Asks: 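Okay, handing you the structure first.
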Amino acid sequence: MADRQQDVDLVVVGSGAAGLAAAVTAAWHGLKVVVVEKAEGLGGATAWSGGWMWAPLNPLAKAAGIDEAPETVRTYLRHELGERYDPAKIDAFLDAAPKMVAFFNEKTALQFADGNAIADVHGDTPGAGTGGRSVIAAPFDGRQLDRKTLKKLRKTMPETAFLGMPIQAGPDLMAFLTVTRSFRSFVHVAKRVTRHLHDLARYGRAMQLVNGVALTGRLAKSADALGVETWVSSPAKHLIKEGARITGVVVETPDGEMTLTARRGVVLAAGGFPWDVERRRELFPRTPTGKEHWPLPPPSASGDGLRLGESVGGEIDTGLYSPVAWAPVSVVPYPDGHVGHFPHIIDRGKPGIIGVLSNGRRFVNEAAGYYDYVDAMVKAVPENEELCSWLICSHRFQRRYGIGITRPAPVPFRHWIRKGYLKAGKTLEELARNCGIDPDGLAATVAEYNRHAARGEDPEFGRGSTPYNRKSGDPAHGPNPCVAPLDRGPFYAVKVVPGCFGTFAGLKTNEHAQVLDARGLPIDGLYAAGSDMASIMGGYYPAGGINLGPAMTFGHIAGLHAAGQRATGSPETPGENADA
């Protein structure tokens, strides 16, 4: 990097799933690729995510005998997206997603595991899938990475790890939840923790990688194998435009400013704008200053890609149902004064917990999707009140499942009460007073809820009525895996506020991931993918993984298009038709 200018074929701005997918795809087809990342580590929001990708019709599902018609998926999306259904982009996604999975599974170090038991969020919508539409990166041993790349790889989000160790939803998580009740679980957890402590001592980080960090680790290994350069602490400052074409980008590296000329163009995949306070103020509901929001992605996801796109004529799509991919979050105080953000994904669906507003009333099916929880909260809380809710449970629930960042038995939890994160009360009335909840409203709500919950029923919100609900519950609890009474104190509560997994509003693109100008025409040499690209779901959240699935798919599409390939498969040998 001593020269102040370097000539390459493709520059990718951002190193999450979308950016690395574009880079690996283009490099496999013979292009010289550089990935520039603003943060100190590779992986972006992807590394802090659960890692699930919604990729209908994928080959892993077909291998398991789940062979549904594309029209079934289209039916689901038409009903879910309504007037925001974009046939061209949905068709491009449904055509390319299974080919994307096949390409990475067959040609790179990114191996997938299936999500054939994971249902779509809204099981009562026509065309909803009951499984086979999701994939996740297979667990990855970080020791397979060379030391330089390993040092650059972002670690798992602290709030969702245990002692810095990522835990994968499914059997791995269930073992941790049942460690005190199952010898088999105890053995599994003991092996995981022992290996993790050894890795911490030797490498200073977790090496048993799962979830989003496994995805970025596998993509990073694939990029290394194909000669992709990955630069960290290197934000893109501005795009270079010659005539009507984007021909490069100026990057601020640790060694000074560098001009990267890009023969095939630039891919914007910098993670959207969850940390851009001003754009949040303009676009998010209920954020008058832009600061009333707690995003889960790293702070480096601050809108750079959108600003770069706008600077050369790209248009932002603000006509979505929601500009933000909502997630319920609790604010975690740490001793050094900084705060963390805990995503409430797992706890809400377990039996014996409810969500209430300050009036003490429930407002949503707590076992529904995380996006739906916050969407309902935004609609239910009066404009003149703080936008928040409370998740409430009993002592038995906390010890069995944990709530928020407080872990289940045998991990101690009372220090979180002293810190003010976890509110406690011997009775519901005491808990309500400590939280600022109406005591009479809460008492009435719990009494009504318990009356039905004793029979495993929830007539008010239908909790446990869909496959998605039941998957998030406890399979060992019956008759309804999502419903149990709150009938014995002491009781605990965690305050939940609006957060997000990312943003939906982004640059307008076509089905080739090309950025569009004000006339709706593609800007030659400029692509966008991931959260820098306006969500193809129109601002809705029909299934888990609808951020990462399209991100990987349209990153793959962008890489193919830049390499002169069509998104219809891959050549048999790397580099074929690279100069087409």
Side-chain angles (χ1 to χ4, degrees), residues 48-52 115 117-119 121 134 136 156-163 165-181 185 188-189 192 210-213 294 296 325-332 340-355 364-374 389-394 396-409 411 413 416 421-422 463-464 466-477 480-484 492-497 499-501 541 543-545 547:
W48 280 8
S49 74
W52 286 101
I118 296 177
V121 173
S134 301
I136 192 170
T156 299
M157 185 179 186
E159 288 75 29
T160 58
F162 179 66
L163 302 176
M165 177 176 60
I167 300 172
Q168 185 168 323
D172 190 32
L173 174 61
M174 187 55 64
F176 278 84
L177 291 177
T178 59
V179 65
T180 62
R181 292 176 277 131
S185 295
H188 173 88
V189 171
R192 286 273 271 130
V210 297
N211 302 334
V213 73
W294 299 92
L296 293 165
W326 294 120
V329 168
S330 54
V331 180
V332 183
H341 308 159
F342 184 90
H344 289 268
I345 309 304
I346 302 298
D347 50 6
R348 293 175 299 104
K350 298 295 184 289
I353 190 171
I354 59 171
V364 72
N365 175 346
E366 297 89 349
Y370 31 87
Y371 173 95
D372 294 341
Y373 184 96
V374 181
S389 64
W390 296 87
L391 287 172
I392 295 175
C393 71
S394 66
R396 182 177 185 274
F397 180 99
Q398 196 288 323
R399 292 286 73 193
R400 193 174 186 91
Y401 306 112
I403 177 173
I405 201 169
T406 73
R407 311 302 189 191
V411 181
F413 73 99
W416 291 112
Y421 172 82
L422 187 68
R463 185 164 161 176
T466 68
Y468 181 90
N469 278 195
R470 294 189 289 274
K471 184 69 176 177
S472 67
D474 181 349
H477 177 82
N480 186 330
C482 302
V483 175
Y492 306 110
V494 170
K495 187 178 183 179
V496 175
V497 293
C500 71
F501 283 113
Y541 210 99
N547 287 325

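Note that these values count all heavy atoms, side chains included, but never hydrogens, waters or copies made by symmetry. What you see is a predicted model; the values in this text were computed from it and never measured.
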Asks: Report the relative orientation of the aromatic rings in Tyr371 and Tyr541; use parallel for angles under 30°, tilted for 30 to 60°, perpendicular for over 60°.
Replies: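 Aromatic pair Tyr371/Tyr541 classed parallel.
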Asks: Which pair of heavy atoms, one from Thr156 and one from Pro166, lies closest together, and at what distance?
Replies: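 So the minimum-distance heavy-atom pair works out to OG1-CB, 3.4 Å.
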Asks: Hey, are the side chains of Lys350 and His477 touching, using non-hydrogen atoms and a 4.5 Å cut-off?
Replies: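 A side-chain contact is absent here, since even the closest heavy-atom pair is not under 4.5 Å.
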Asks: Just how far is it from atom CD1 of Ile346 to atom OG of Ser472, taken to the nearest 0.5 Å?
Replies: 8.0 Å
Asks: Is a donor on one side and an acceptor on the other found under 3.5 Å between the side chain of Asn480 and the backbone of Arg463?
Replies: yes
Asks: Test of understanding: with side chain to side chain donor-acceptor pair (under 3.5 Å), list the residues that count as partners of Asp347, not counting sequence neighbours.
Replies: His344
Asks: Specify the closest pair of heavy atoms between Phe342 and Val332, including all atoms of both residues, with the distance to one decimal.
Replies: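 Taking Phe342 first and Val332 second, the nearest heavy atoms are CB-CG2, 3.9 Å.
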Asks: If you round to the nearest 0.5 Å, how far is OG of Ser330 from CG of Leu422?
Replies: 10.0 Å
Asks: Find out whether Thr160 and Pro343 are in side-chain contact, i.e. whether some heavy atom of one side chain is under 4.5 Å from a heavy atom of the other.
Replies: yes
Asks: What are the two closest heavy atoms between Gly499 and Val329, and how far apart are they?
Replies: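 Heavy atoms only, the tightest pair is CA-CG2, 3.7 Å.
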Asks: Tell me if the CZ atom of Arg396 is crowded by more than 12 foreign heavy atoms within 6.0 Å.
Replies: no
Asks: Report yes if the side chains of Arg348 and Leu391 come closer than 4.5 Å at any heavy-atom pair, otherwise no.
Replies: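 Yes, at least one pair of side-chain atoms sits under 4.5 Å.
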Asks: Taking all atoms of both residues into account, what is the closest heavy-atom pair of Ser389 and Tyr373, and its distance?
Replies: OG-OH, 2.8 Å
Asks: Could you go step by step and tell me if Glu366 and Ile354 meet the side chain to side chain contact (heavy atoms under 4.5 Å, CB included) rule?
Replies: CA-CA 7 Å; Glu366 297 89 349; Ile354 59 171; 3.6 Å; yes
Asks: Would you mind telling me which of Phe501, Trp48, Trp294 makes a ring-ring contact (aromatic ring centres under 6.0 Å, His included) with His341?
Replies: Trp294
Asks: Would a distance-only check, ignoring hydrogens and angles, find a side-chain to backbone donor-acceptor pair under 3.5 Å from Asn211 to Val213?
Replies: no
Asks: Between Tyr492 and Thr406, is there a side-chain donor-acceptor contact under 3.5 Å, judged purely by atom types and distance?
Replies: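 No pair is found: no donor N or O on one side chain lies under 3.5 Å from an acceptor on the other.
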Asks: If you take all heavy atoms of Ala367 and Asn365, which pair is closest and at what distance?
Replies: N-OD1, 2.9 Å
Asks: Nearest 0.5 Å please: distance from the CD1 atom of Ile405 over to the CZ atom of Phe413.
Replies: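 Atom-to-atom, Ile405:CD1 and Phe413:CZ are 14.5 Å apart.
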Asks: Starting at SG of Cys482, measure out to CG of Asn469 and round the result to the nearest 0.5 Å.
Replies: 5.0 Å
Asks: Taking all atoms of both residues into account, what is the closest heavy-atom pair of Val496 and Pro328, and its distance?
Replies: CG1-CB, 3.5 Å
Asks: Could you go through Val210 and Ile167, starting from their C-alpha distance and side-chain angles, then the distance that decides it, and tell me whether this counts as side chain to side chain contact (heavy atoms under 4.5 Å, CB included)?
Replies: CA-CA 7 Å; Val210 297; Ile167 300 172; 5.8 Å; no
Asks: For the backbone of Tyr401 and the side chain of Arg407, can you confirm whether one donor and one acceptor N or O come within less than 3.5 Å of each other?
Replies: no
